[in-house]
Every structure is written in C-alpha cells, then in structure tokens.
Amino acid sequence: MTKILLVDDQPTLVALMSEFLSSEGYDVTTHTDGLTALQQMIALRPDLVITDFSMPGMDGGALLTAMRENAYLHETPVLVLSGRPEYEIMAACEGRATLMRKPAQPPEVLEAVRRLLAESERSLRAQTYAGPLGHAAGSAQSLQACPA
C-alpha cells in the first residue's frame, strides 16, 4: 500500500484530507509539525509527503531542506499546500516540491498525488534500469572496464 505522510498544523484539514486519501486506498500517517514528521520519516519511508509551508517550529521550507539533505529522503516527492502568496514560497519549493495553493479541493489534491507518485515510479524504474553506475543495463558502455 502506498504510504503518504501528511503534515499540517491545522487539525481539521489533517483529519479531512487523511480521511479522503485513506478512502482512496492510501496508507496515511499524519503529523501536525515538521520536526516530529521528519523524525518519523526515516522509519516510515513514505512514498509521498504532503506538507503545509507555514507551520510553527519547523516550517515546510526547513522540512524540505532537511529531506533533500537526507540520503533516504532526498528523492521523496513532496506536495506543498500553502495559502501564502506564491512568490513568498516559490524559491523554497523550486525543483524540490510541487506547490498547490490552499484551499485545495480534495479531487485536485488526489490528482496531484497520483501524478507525483506516477512520476516517482517512472524515475525509480529508470534508475533501476540504469544500474549502479548510471548506465543502461546491458549496454556496451556499462560493460567497459574502469581505467586503472
């Protein structure tokens, strides 16, 4: 079952989104702050993280930075939900997360979740196919000896 970690400091939003995503077949774990979520992520290894950007303590920007610096979490897809103006958070999200404005409707979130998970799966397959040296498995390039 696909694991989603949902992080937001608004308990009502967490409950509604968690219930909706669970009804769609996802295994949803929730946290209301970034630090607790980060501490749980290594053990949980979520397939996707959905986070608010503005939270007390560790906000979404700090959470993104910590994830990208961690070898186990750096490629985990992230969907940032935020009510803040786009220009305020775009730099923090660029290249590291997908941004969606609050209030987001559950079907819109579900569409983004499905798209991010599909992109992540394609990326993982491509990496697996490429093999440990980054070359396509079975190609002549991957069979060349390393220089002495």
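All of these numbers come straight from a predicted model, not from anything done at the bench.
Using a 4.5 Å cut-off on side-chain heavy atoms (C-beta onward), Val28 and Thr30 make contact. Proximity of Ile4 to Ile50: side-chain heavy atoms (C-beta onward) are separated by under 4.5 Å at one or more points.
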Could you list the donor-acceptor pairs under 3.5 angstrom formed by side chains in residues 33-48, with sequence neighbours left out?
{"from": "Asp33", "atom 1": "OD1", "to": "Thr36", "atom 2": "OG1", "distance (Å)": "2.9"}
{"from": "Asp33", "atom 1": "OD2", "to": "Leu35", "atom 2": "N", "distance (Å)": "3.3"}
{"from": "Asp33", "atom 1": "OD2", "to": "Thr36", "atom 2": "N", "distance (Å)": "2.8"}
{"from": "Asp33", "atom 1": "OD2", "to": "Thr36", "atom 2": "OG1", "distance (Å)": "2.9"}
{"from": "Arg45", "atom 1": "NE", "to": "Ile42", "atom 2": "O", "distance (Å)": "3.4"}
{"from": "Asp47", "atom 1": "OD2", "to": "Lys3", "atom 2": "N", "distance (Å)": "2.6"}

Please table the atom pairs, donor to acceptor, closer than 3.5 Å between any side-chain atom in residues 12-23 and protein atoms at least two apart or in another chain.
{"from": "Ser22", "atom 1": "OG", "to": "Ser18", "atom 2": "O", "distance (Å)": "2.8"}
{"from": "Ser23", "atom 1": "OG", "to": "Phe20", "atom 2": "O", "distance (Å)": "2.6"}

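The side chain to side chain contact (heavy atoms under 4.5 Å, CB included) check on Ala104 picks up Leu81, Met100, Glu108, Val109, with sequence neighbours excluded. By the salt bridge (Lys or Arg N to Asp or Glu O under 4.0 Å) test, Glu111 pairs with no residue at all, sequence neighbours left out.
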Inset, instruction - Given side chain to side chain contact (heavy atoms under 4.5 Å, CB included), test Glu119 with Leu116 step by step and report yes or no. - result: CA-CA 5 Å; Glu119 288 171 5; Leu116 287 168; 4.0 Å; yes

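Summarising the geometry, atom CG belonging to Leu64 is positioned 11.5 Å from atom CG belonging to Leu73; distances are rounded to the nearest 0.5 Å. In this structure, CG in Leu79 is found 9.5 Å from OG1 in Thr51, a value given to the nearest 0.5 Å. Rounding to the nearest 0.5 Å places NE2 of His31 at 11.0 Å from CE of Met55. How far OG1 of Thr2 is from CD of Glu24: 12.0 Å, rounded to the nearest 0.5 Å. Residue Thr76 holds its OG1 atom at 8.5 Å from CG of Asn70, rounded to the nearest 0.5 Å. Rounding to the nearest 0.5 Å places OG1 of Thr29 at 9.5 Å from CG of Leu6.
Screening residues 48-65 for salt bridge (charged side-chain N to carboxylate O under 4.0 Å, His left out), with sequence neighbours left out, gives Asp52-Lys102.
Annotation for Tyr26 and Met1: closest pair C-SD, 4.0 Å, computed over non-hydrogen atoms.
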